Amino acid sequence: MTQGPLTTEAGAPVADNQNSETAGAGGPVLVQDQALLEKLAHFNRERIPERIVHARGAGAYGTFTLTRDVSRWTRAKFLSEVGKRTETFLRFSTVAGNLGSADAVRDPRGFALKFYTEEGNYDLVGNNTPVFFIKDAIKFPDFIHTQKRDPYTGSQEADNVWDFWGLSPESTHQVTWLFGDRGIPATLRHMNGYGSHTYQWNNEAGEVFWVKYHFKTDQGIKNLTTDEANRLAGTDPDSHQRDLRESIERGEFPSWTVQIQVMPAADAAGYRFNPFDLTKVWPHEDYPPVEIGRLELNRNPENIFAEVEQSIFSPAHFVPGIGPSPDKMLQGRLFAYGDAHRYRVGINADHLPVNRPHATEARTNSRDGLLYDGRHKGAKNYEPNSFGGPFQTDRPLWQPLPVAGATGSTEAPGHAEDNDFVQAGNLYRLMSEDEKVRLVDNLAQFISQVSRDDIAERAVGNFRKADGDFGKRLDSAVQALRG
């Protein structure tokens with residue numbers, strides 16, 4: 001069935017889409033050929049700037065179903081009734097690679113989940129690891145610069161990576177995760193997701209709880225070895241995106257069991273380490289995970305660019321009953337993500353279908369700018385006004401936190417186990433012998449590429465502080481490879 005004649009963007013029919021208009025047959029092209037100029041100009045602008053991080057991504061729509069009453073902890077309406085279903089959009093990604101990089105690489109995976117709730121969009125922007133490399137957002141640009149291309153060589157350099165990690169011992173825990181067996185998931189369906197940060201939940205009575213999110217894959221954990229990943233990345237760079245799309249097309253909808261860990265607010269100050277430190281996990285024996293729901297992905301995007309590349313997520317997109325914590329990485333991300341999208345997609349990126357709230361209208365006084373669709377018509381654009389405009393609720397989304405002390409650039413008050421190496425060592429000791437062998441080999445292969453002995457020694461030293469056996473094995477492996 002034909003759709004009718006091809007037109008310009010203004011709707012005028014295109015007479016000839018095969019030949020440019022020229023000054024005589026075979027003569028120079030005329031600037032009056034509007035169809036040609038419009039076509040080329042649009043083509044030149046078909047790519048928006050790729051994300052600085054998480055550029056390589058895949059996504060799908062789905063539903064979150066609440067399976068447990070959590071009203072004792074939060075007043076969020078989408079979490080108010082067992083059996084309640086909320087539409088979602090989940091974007092997976094790698095962190096360091098550019099848009100054209102391969103899927104099967106050793107890199108954390110972004111796990112960015114948008115809930116289209118009746119109170120607005122709630123974005124939970126996490127990873128497939130429960131921890132991260134750094135604990136303060138002021139270090140994030142430096143960290144990412146070490147993962148990206150060197151300004152002189154144009155390639156990722158082992159010197160830069162290990163120089164930074166060696167000088168940043170807080171990274172030891174995450175690096176141990178990354179170079180272990182879970183560092184390269186076999187597919188996006190066969191990995192866990194985590195909110196990673198600590199968030200605030202507050203209930204109708206105003207009580208505050210600190211919460212961590214866990215998304216446990218129902219497909220089971222499956223990973224690739226370094227050799228398997230290298231072969232797959234070279235033969236099928238789109239392997240993870242393809243697997244996700246095709247599994248949904250087959251009706252094999254991937255799902256995750258959703259759990260939370262809950263810490264009463266009063267526990268935080270006296271806990272054995274800073275509970276808002278992104279480089280640490282909360283041990284399950286202290287705060288056991290509680291199952292609260294199920295996430296299922298069941299619909300593919302119709303257009304990757306419109307729905308995956310132009311999707312925006314921000315940790316600052318909260319709903320009543322959920323809010324931030326004093327996690328210094330999270331605090332930085334509350335600003336950085338929205339600012340990145342305003343630059344990358346445009347000031348009105350929230351007007352795009354994938355980013356719009358579903359069950360409520362966004363009522364703001366923001367007007368004009370790129371992508372503005374005139375949705376407000378002639379409505380007043382200030383508040384307060386006496387013309388029936390939107391008004392404030394006088395009820396914050398989350399509970400205020402008491403603060404005290406002098407301002408300054410300092411770490412949080414010390415806790416008994418505020419140590420960069422304890423949890424990395426614990427993770428190593430949980431591994432089987434085969435897992436330890438693979439971990440040490442993966443690390444040694446990369447560390448051995450550095451050009452200076454002091455960078456290698458400092459890197460190994462951090463793992464030695466985590467566990468003596470870990471450091472001894474790694475030192476021997478690196479020395480053997482470096483000759």
Side-chain angles (χ1 to χ4, degrees), residues 47-57 93-110 127 129 131-180 183-184 226-227 229-234 237-238 240 278-279 309 329 332-333 336-337 339-340 343-344 420 439-463 474-475 477-479 481-483:
R47 294 295 173 264
I48 59 178
E50 69 175 41
R51 290 166 167 88
I52 300 299
V53 289
H54 298 279
R56 175 75 172 178
S93 56
T94 52
V95 174
N98 58 32
L99 193 57
S101 58
D103 288 337
V105 295
R106 189 173 299 281
D107 200 7
R109 265 64 182 176
N127 283 323
T129 60
V131 293
F132 197 60
F133 300 92
I134 52 176
K135 63 183 74 173
D136 193 315
I138 200 169
K139 297 181 70 172
F140 188 72
D142 297 298
F143 163 61
I144 293 301
H145 287 166
T146 72
Q147 305 298 302
K148 293 290 189 174
R149 299 179 185 276
D150 181 85
Y152 175 69
T153 67
S155 302
Q156 187 191 63
E157 295 295 335
D159 277 2
N160 301 350
V161 173
W162 287 107
D163 189 39
F164 180 86
W165 283 347
L167 293 168
S168 305
E170 68 203 67
S171 67
T172 307
H173 190 191
Q174 170 73 327
V175 174
T176 303
W177 264 88
L178 180 60
F179 284 82
I184 315 179
T226 300
D227 289 341
N230 288 341
R231 287 194 297 271
L232 185 59
D238 301 323
H240 286 178
L278 185 55
T279 67
E309 291 313 303
M329 268 298 294
R333 295 176 80 205
Y337 275 60
D339 186 59
Y343 160 73
R344 192 181 66 85
D420 292 326
L439 168 65
V440 169
D441 182 63
N442 291 335
L443 285 168
Q445 291 289 341
F446 196 9
I447 296 175
S448 65
Q449 297 175 29
V450 303
S451 63
R452 287 169 30 190
D453 289 342
D454 63 312
I455 294 177
E457 290 166 2
R458 189 164 52 236
V460 171
N462 284 339
F463 298 104
L474 184 56
D475 183 56
V478 170
Q479 293 298 331
L481 289 169
R482 288 176 66 81

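In this text the structure is predicted, and so the values were computed from the model without any measurement.
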Worksheet item: Is it the case that S451 and D159 place a side-chain donor and acceptor less than 3.5 Å from each other?
Response: yes
Worksheet, complete the sentence: In terms of heavy-atom contacts, R482 and D453 come closest through NH2-OD1, 2.8 Å
Worksheet item: Could you give the distance from CZ (F446) to CG (L178), rounded to the nearest 0.5 Å?
Response: 9.5 Å
Fill in: Inter-residue atom distance I138.CD1 - M329.CE, 0.5 Å rounding
12.0 Å
Worksheet item: Can you list the residues that meet the side-chain contact (heavy atoms from CB on, under 4.5 Å) rule with I48, with sequence neighbours excluded?
Response: F305, Q310, R344, V345
Discussion item. Are the side chains of T129 and Q174 in contact, using a 4.5 Å heavy-atom criterion?
Written reply: yes
Fill in: Interatomic spacing from CG in D103 to OG in S93 - rounded to 0.5 Å
10.5 Å
Discussion item. Quick check: closest heavy atoms across G97 and D107, and the distance to 0.1 Å?
Written reply: N-OD2, 3.9 Å
Worksheet item: What are the two closest heavy atoms between S448 and L481, and how far apart are they?
Response: CB-CB, 3.7 Å
Worksheet item: Got a sec: does the CZ of R149 have more than 12 other heavy atoms crowding it under 6.0 Å?
Response: no
Fill in: CA sep, side-chain torsions, deciding dist, call: E50, N98, side-chain contact (heavy atoms from CB on, under 4.5 Å)
CA-CA 8 Å; E50 69 175 41; N98 58 32; 3.2 Å; yes
Discussion item. If you define the side chain from C-beta out and look only at heavy atoms, does anything of D150 sit under 4.5 Å from N160?
Written reply: yes
Practice prompt. Check for a donor-acceptor pair, side chain of E157 on one end and backbone N or O of T153 on the other, with a separation under 3.5 Å.
Written response: no
Item to complete: Classify the angle between the aromatic ring planes of W162 and F179 as parallel (below 30°), tilted (30 to 60°) or perpendicular (above 60°).
Response: tilted
Worksheet item: Which heavy atom of A104 sits nearest a heavy atom of A233, and at what distance?
Response: O-CB, 3.7 Å
Practice prompt. Over all heavy atoms of both residues, which pair between V450 and A158 is shortest? Give the atoms and the distance, please.
Written response: CG1-O, 3.7 Å
Worksheet item: Given the rule in the side-chain contact (heavy atoms from CB on, under 4.5 Å) test, do L443 and V175 qualify, once you have shown the distances and angles that lead to the verdict?
Response: CA-CA 9 Å; L443 285 168; V175 174; 3.8 Å; yes
Item to complete: Check for a donor-acceptor pair, side chain of R51 on one end and backbone N or O of E309 on the other, with a separation under 3.5 Å.
Response: yes
Worksheet item: With sequence neighbours excluded, what pairs up with D163 under the salt bridge (Lys or Arg N to Asp or Glu O under 4.0 Å) test?
Response: R458
Discussion item. If you count every heavy atom of other residues, nucleotides or ligands that lies below 6.0 Å from L167 atom CG, does the total exceed 12?
Written reply: yes
Discussion item. If you define the side chain from C-beta out and look only at heavy atoms, does anything of K139 sit under 4.5 Å from E170?
Written reply: yes
Practice prompt. Give the minimum heavy-atom separation between L474 and F463, together with the two atoms involved.
Written response: CD2-CD1, 3.5 Å
Worksheet item: If we only count heavy atoms from C-beta on, is the P49 to Y343 side-chain gap below 4.5 Å?
Response: yes
Practice prompt. Decide yes or no for F132 and I134: does some side-chain heavy atom of the first lie under 4.5 Å from some side-chain heavy atom of the second?
Written response: yes
Worksheet item: Do R106 and N442 come close enough that some side-chain heavy atom pair is under 4.5 Å?
Response: yes
Worksheet item: Any side-chain heavy atom of T94 within less than 4.5 Å of one from H54?
Response: no
Practice prompt. Could you please spell out the steps behind the salt bridge (charged side-chain N to carboxylate O under 4.0 Å, His left out) verdict for R333 and D339?
Written response: CA-CA 9 Å; R333 295 176 80 205; D339 186 59; over 6 Å; no
Worksheet entry | Side chain proximity check, D136 to L278, heavy atoms < 4.5 angstrom | no
Worksheet item: Taking K148 for the side chain and I52 for the main chain, is one N or O donor matched with an acceptor at less than 3.5 Å?
Response: yes
Discussion item. Could you check whether any side-chain N or O of Q156 sits under 3.5 Å from a backbone N or O of Q147, counting only pairs where one atom can act as donor and the other as acceptor?
Written reply: yes
Discussion item. Restricting to side-chain contact (heavy atoms from CB on, under 4.5 Å), what partner residues turn up for R231, sequence neighbours left out?
Written reply: D227, E228
Worksheet item: Can D420 and K135 be said to form a side-chain contact (heavy atoms from CB on, under 4.5 Å), step by step?
Response: CA-CA 10 Å; D420 292 326; K135 63 183 74 173; 3.3 Å; yes
Item to complete: Given side-chain contact (heavy atoms from CB on, under 4.5 Å), test T172 with W165 step by step and report yes or no.
Response: CA-CA 8 Å; T172 307; W165 283 347; over 6 Å; no
